[in-house]
Every structure is written in C-alpha cells, then in structure tokens.
Amino acid sequence: MNIELKIENKVANIKIDGILNSENAHLLQEKLAEVFQSDANLLELDLFECRNISSTGIGKILLFYKDFIGKGGEIEVIRSSNSVYELFSMLKLNQLFTVNLG
C-alpha cells in the first residue's frame with residue numbers, strides 16, 4: 001500500500017493505492033495526524049486505487065472525522081473504487097461525508 005499526502009491552500013489530499021488493513025493502518029494514522037496539525041480545513045480522500053479497507057482502516061478514518069469536524073474541518077471522498085464505494089454505502093458513511101464514485 002502507498003499513501004501520498006499533499007497540503008495546499010488549506011486543502012489536504014490523501015491518495016491511497018492498494019489495500020488498507022490492520023498491518024498498515026498506522027501509516028494512514030500518521031498522515032491524518034499531519035493533516036490535523038496543519039491549517040487544512042478540508043480533507044479530500046482519493047480512494048480510486050484503493051481496492052479494500054479493513055475495519056481498522058475505517059476506524060482510523062472515523063476517529064479522525066470526529067476530531068476534524070470538531071475543529072471545523074470537512075471530509076470528502078473525491079474518488080473511490082467500486083468496492084470502497086459499496087463498503088462506505090453499506091456502512092452508511094456516505095451520510096457523514098460525501099463519497100464520490102470513480
């Protein structure tokens with residue numbers, strides 16, 4: 001799995017390529033911590049190349065979401081793979097933040 005983080009003009013973009021699972025979720029947590037410490041108020045998640053997310057990965061995203069909206073931030077999934085889109089819809093995460101398909 002590969003995670004890229006870019007922060008520009010108060011917008012953070014995280015792109016995840018591969019499978020996010022319990023073995024590598026700490027890498028996502030490190031990137032999310034960087035976003036939280038920055039002046040970004042919007043996190044764009046690009047999950048188009050992400051084939052699957054485990055419950056641990058979902059947990060990291062939800063914990064971040066709770067803290068980030070607490071400081072006035074917003075999250076949007078700008079692109080997602082079919083499998084991730086279906087997972088987020090099934091878990092009703094699309095009711096917390098916008099989830100766009102591919």
Side-chain angles (χ1 to χ4, degrees):
M1 185 203 61
N2 184 41
I3 299 178
E4 293 175 25
L5 168 63
K6 294 178 188 167
I7 302 174
E8 196 173 294
N9 299 326
K10 295 193 176 195
V11 177
N13 181 286
I14 291 181
K15 182 178 181 179
I16 300 175
D17 185 352
I19 296 173
L20 178 60
N21 57 32
S22 58
E23 293 175 13
N24 56 28
H26 67 280
L27 299 172
L28 174 62
Q29 187 172 5
E30 291 170 8
K31 298 296 185 188
L32 292 173
E34 285 183 52
V35 172
F36 193 80
Q37 297 300 322
S38 75
D39 65 346
N41 57 15
L42 174 62
L43 170 61
E44 297 177 336
L45 288 171
D46 185 342
L47 305 175
F48 188 69
E49 300 294 332
C50 183
R51 293 186 300 283
N52 196 16
I53 301 178
S54 73
S55 58
T56 305
I58 296 288
K60 301 289 185 202
I61 293 170
L62 287 175
L63 287 172
F64 175 79
Y65 170 79
K66 180 178 141 281
D67 293 339
F68 198 54
I69 62 161
K71 74 171 212 172
E74 193 178 336
I75 297 177
E76 179 178 353
V77 176
I78 56 171
R79 296 188 321 157
S80 68
S81 63
N82 286 335
S83 58
V84 170
Y85 183 82
E86 289 172 12
L87 176 65
F88 278 34
S89 296
M90 183 180 69
L91 296 173
K92 300 198 183 317
L93 297 181
N94 56 345
Q95 294 178 4
L96 296 177
F97 44 82
T98 302
V99 180
N100 296 300
L101 183 60

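Numbers here simply count residues along the sequence, with the first being 1. Side chains are part of it too, since the values below use all heavy atoms of this structure and drop only hydrogens, waters and symmetry mates.
Hydrophobic cluster membership is shared by Leu101 and Ile14, with clusters built from Ile, Leu, Val, Met, Phe, Trp and Tyr side chains linked at under 4.5 angstrom. Both Leu62 and Leu27 are assigned to one and the same hydrophobic cluster, defined by single-linkage of ILVMFWY side chains at heavy-atom distances under 4.5 Å. Criterion: ILVMFWY side-chain heavy atoms under 4.5 Å apart, direct or through other members. Under it, Leu91 and Leu20 are part of a common hydrophobic cluster. Cluster membership for Val35 and Ile69, using ILVMFWY side-chain heavy atoms within less than 4.5 angstrom, is shared. Cluster membership check: Leu5 does not share its hydrophobic cluster with Val11, using side-chain heavy-atom separations under 4.5 Å among Ile, Leu, Val, Met, Phe, Trp and Tyr.
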Passes side chain to side chain contact (heavy atoms under 4.5 Å, CB included), Leu87 versus Leu93? Steps please.
CA-CA 9 Å; Leu87 176 65; Leu93 297 181; over 6 Å; no

Determine, step by step, whether Ile16 and Leu28 satisfy the side chain to side chain contact (heavy atoms under 4.5 Å, CB included) criterion, reporting the C-alpha distance in whole Å, the side-chain angles of both residues, the deciding distance to 0.1 Å, and the verdict.
CA-CA 9 Å; Ile16 300 175; Leu28 174 62; 4.0 Å; yes

Would Ile75 and Phe64 count as a side chain to side chain contact (heavy atoms under 4.5 Å, CB included) here? Give the steps.
CA-CA 10 Å; Ile75 297 177; Phe64 175 79; 3.8 Å; yes

Just do the side chain to side chain contact (heavy atoms under 4.5 Å, CB included) check on Lys60 and Ile58 with the steps written out, would you?
CA-CA 5 Å; Lys60 301 289 185 202; Ile58 296 288; over 6 Å; no

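Separation of atoms CG (Asn9) and CG (Leu42) is listed at 11.5 Å; rounding is to 0.5 Å. Atom-to-atom distance recorded for Gln29:CD and His26:NE2 is 9.5 Å, nearest 0.5 angstrom. In this structure, the separation between CG on Leu45 and CD1 on Ile78 is 8.0 Å, given to the nearest 0.5 Å. The CD atom of Glu4 lies 10.5 Å from the CD atom of Glu49; values are rounded to the nearest 0.5 Å. If you take CE on Met1 and CG on Asn24, they are separated by 3.5 Å, rounding to the nearest 0.5 Å. From Glu23, atom CD reaches atom OG1 of Thr56 across 10.0 Å, with rounding to the nearest 0.5 Å.
Panel note: side chain Ser83, backbone Arg51; a donor-acceptor pair is recorded below 3.5 Å. At least one donor-acceptor pair under 3.5 Å links the side chain of Asp46 to the backbone N or O of Phe48.
A heavy-atom distance below 4.5 Å is found between the side chains of Ile61 and Phe97. The side-chain heavy atoms of Ser80 and Val99, taken from C-beta on, include a pair separated by under 4.5 Å. Side chains of Ile53 and Val84 form a contact here, defined as non-hydrogen atoms less than 4.5 Å apart. With contacts defined as side-chain heavy-atom distances shorter than 4.5 Å, the pair Leu32/Phe68 does not qualify.
Under the 4.0 Å criterion applied to side-chain N and carboxylate O atoms, Asp39 and Lys10 are not assigned as salt-bridge partners.
Heavy-atom neighbours of Tyr85 OH from other residues, nucleotides or ligands within 6.0 Å: at or below the threshold of 12.
For residues 61-77, the set of pairs meeting the side-chain hydrogen bond (donor to acceptor under 3.5 Å, both in side chains) definition, not counting sequence neighbours, comprises Glu76-Asn100.
The two residues Ser54 and Ser22 have their closest heavy-atom pair at OG-N, 3.5 Å.
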